[in-house]
Amino acid sequence: MSEEKMSLNWYPGHMTKARRMMQESMVLIDLVIEVLDARIPYASRNPDIDELAKGKSRIILLNKSDLADPKGNQKWIRHFEAMGAHVLEINAKSGAGVKNIRGLVEKACKEKIERDRRRGIVNRPIRAMVVGIPNVGKSTFINAFAGKACTKTGNKPGVTKGKQWIRMGKNLELLDTPGILWPKFEDREVGIHLAFIGSMNDEIIVLDDLALELIGTIQTRYPGALSARYEIEEDAKLATVLERIAQSRGCFSKGGELDLSKAASILIEDFRSGRIGRMTLEDCE
Ligand code: G4P
């Protein structure tokens, strides 16, 4: 992944622009498909999405569900469903779960379809837009969902100039560019969770410190996972665990000292790619 892609450099100007673009697009659509990272469904939600998408049909996709704990996925699905949302877990990269979205779109837009029918409007396609914070997998999802069997329609009368719609059969049109939203920055834990999954610019993060935070989180939420992965005794202070990982993985500097930064990078990469196990880092209370 490129540094640029990983960075979350939101300045007030960026946020204002993102909000304005979102508001412009909202006028055109019936359905908002919100993509979250299943490992951190709380931290990867935009704080203002309910207000921005007011009055629209809503679908929440727990993406990267292959990297999250299956039990965590189920709990979060129930949580969002209890809030009245239509929810699915998917893996946009492999396409798993994506074929179930059509059915969900119809459920989510049932009222709108019936309202149209009462007014004599039949077969007007549902217009949908994909939204989410950077790196949750919006583009991967659009590619997986739209696939090859679709045609692009653009600059038709009634369509804002420049907007491209992907026609997906006669019932659905999808805006081809996702709406990029900002995360909740003011919450320290949210920032750390975004950094764990690689959604913060790693340049502005001290990876050794991040690794210590990650060790603490994994020790608490998934006891035994670090022992299993690195063949170490994990019940120890955070710094000691990092040292043990360095030893276990043979991370030494030229002078023969432990290279803790290298161990930190290995740990973080292992976590991000799911090699320590499928993990959900947040609970839904
Ligand atoms: P964005 O538009 O929301 O910014 O995200 P994008 O689709 O660019 O996806 C960000 C990264 O997440 C990509 O990895 C993509 O492959 C990966 N990804 C998306 N969906 C899933 C999923 O369901 N499961 C898993 N495991 N990964 C997913 P990358 O490192 O940038 O590229 P690549 O190494 O995968 O090619």
Side-chain angles (χ1 to χ4, degrees), residues 1-10 14-15 17-19 21-22 25 32-49 52-53 59-70 72-74 76-77 80 87-101 104 128-148 150 163-164 166 174-185 190 193-203 205 207 265-266 268-282:
M1 199 191 314
S2 70
E3 284 301 315
E4 193 192 353
K5 245 177 136 182
M6 291 210 293
S7 66
L8 268 181
N9 295 322
W10 290 93
H14 291 162
M15 269 176 67
K17 193 172 166 221
R19 182 187 290 275
M21 283 171 68
M22 190 66 54
S25 301
V32 174
I33 302 176
E34 185 186 350
V35 182
L36 303 182
D37 187 309
R39 295 167 294 177
I40 54 164
Y42 174 78
S44 60
R45 276 203 106 189
N46 167 264
D48 299 334
I49 186 69
L52 286 165
I59 286 180
I60 293 178
L61 298 179
L62 288 178
N63 189 37
K64 308 199 187 185
S65 60
D66 54 307
L67 300 173
D69 182 341
N73 290 340
Q74 287 312 308
W76 277 99
I77 288 172
F80 287 128
V87 196
L88 261 185
E89 58 175 299
I90 62 162
N91 173 350
K93 205 168 170 179
S94 74
V98 171
K99 68 177 184 324
N100 301 323
I101 293 172
L104 206 64
M129 177 187 190
V130 175
V131 307
I133 68 164
N135 201 37
V136 289
K138 297 177 297 297
S139 312
T140 311
F141 165 68
I142 291 175
N143 288 338
F145 187 40
K148 292 186 189 95
C150 61
K163 293 251 190 286
Q164 293 275 324
I166 306 170
L174 188 67
L175 205 55
D176 80 337
T177 42
I180 302 168
L181 297 171
W182 55 96
K184 314 172 182 84
F185 331 84
V190 164
H193 286 185
L194 291 169
F196 284 163
I197 64 156
S199 280
M200 289 283 213
N201 191 337
D202 277 350
E203 277 168 16
I205 295 163
L207 280 187
S265 298
I266 289 175
I268 291 165
E269 252 329 293
D270 281 351
F271 166 74
R272 287 178 183 169
S273 57
R275 286 190 289 265
I276 309 176
R278 295 175 64 174
M279 293 179 178
T280 303
L281 302 185
E282 296 171 350

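Predicted model, so just to flag it, every value in this text is computed and none were measured. For ligands, and for the atoms within them, numbers begin at 1 and follow the listed sequence.
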Q: For ligand 1, which part of D66 has a heavy atom less than 4.0 Å away: the side chain, the backbone, both, or neither?
A: side chain

Q: Rounded to the nearest 0.5 Å, how far does CD of E269 lie from CD1 of I276?
A: 10.0 Å

Q: What orientation do F145 and F141 show, parallel under 30°, tilted 30 to 60°, or perpendicular over 60°?
A: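 Ring orientation, 0 to 90° scale: parallel.
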
Q: Under 4.0 Å from any heavy atom of K93, which atoms of ligand 1 are there?
A: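 Listed by number with element: 16 (O), 20 (N), 21 (C), 22 (C), 23 (O), 24 (N), 25 (C), 27 (N), 28 (C), 35 (O).
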
Q: Distance check, rounded to the nearest 0.5 Å: I33 atom CD1 versus L104 atom CG?
A: 9.0 Å

Q: Please list, in number order, the atoms of ligand 1 under 4.0 Å from a heavy atom of S139.
A: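 Heavy-atom distances to S139 below 4.0 Å select 2 (O), 7 (O).
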
Q: To the closest 0.5 Å, what do you measure between OG1 (T280) and CD (Q74)?
A: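 So the OG1 of T280 and the CD of Q74 are separated by 10.5 Å.
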
Q: Report the C-alpha distance between V35 and N63 in whole Å, list the side-chain angles of each, state the deciding distance to 0.1 Å, and finish with yes or no for side chain to side chain contact (heavy atoms under 4.5 Å, CB included).
A: CA-CA 6 Å; V35 182; N63 189 37; 3.7 Å; yes

Q: For side chain to side chain contact (heavy atoms under 4.5 Å, CB included), just list the numbers for I60 and R45, CA-CA rounded to whole Å, side-chain angles, deciding distance to a tenth of an Å, and then say yes or no.
A: CA-CA 10 Å; I60 293 178; R45 276 203 106 189; 3.7 Å; yes

Q: Quick one: does ligand 1 sit under 4.0 Å from the side chain of L67, the backbone, both or neither, non-hydrogen atoms only?
A: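 Only the side chain of L67 comes within reach of ligand 1.
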
Q: What about F141: any of its N or O atoms under 3.5 Å from an N or O on ligand 1?
A: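 Checking ligand 1 against F141, no N or O pair falls under 3.5 Å apart.
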
Q: Nearest heavy atom to atom 21 (C) of ligand 1: which of R39, K64, R272 does it belong to?
A: K64

Q: Are any of the N or O atoms of V136 closer than 3.5 Å to those of ligand 1?
A: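 Yes, there is a polar N/O contact under 3.5 Å.
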
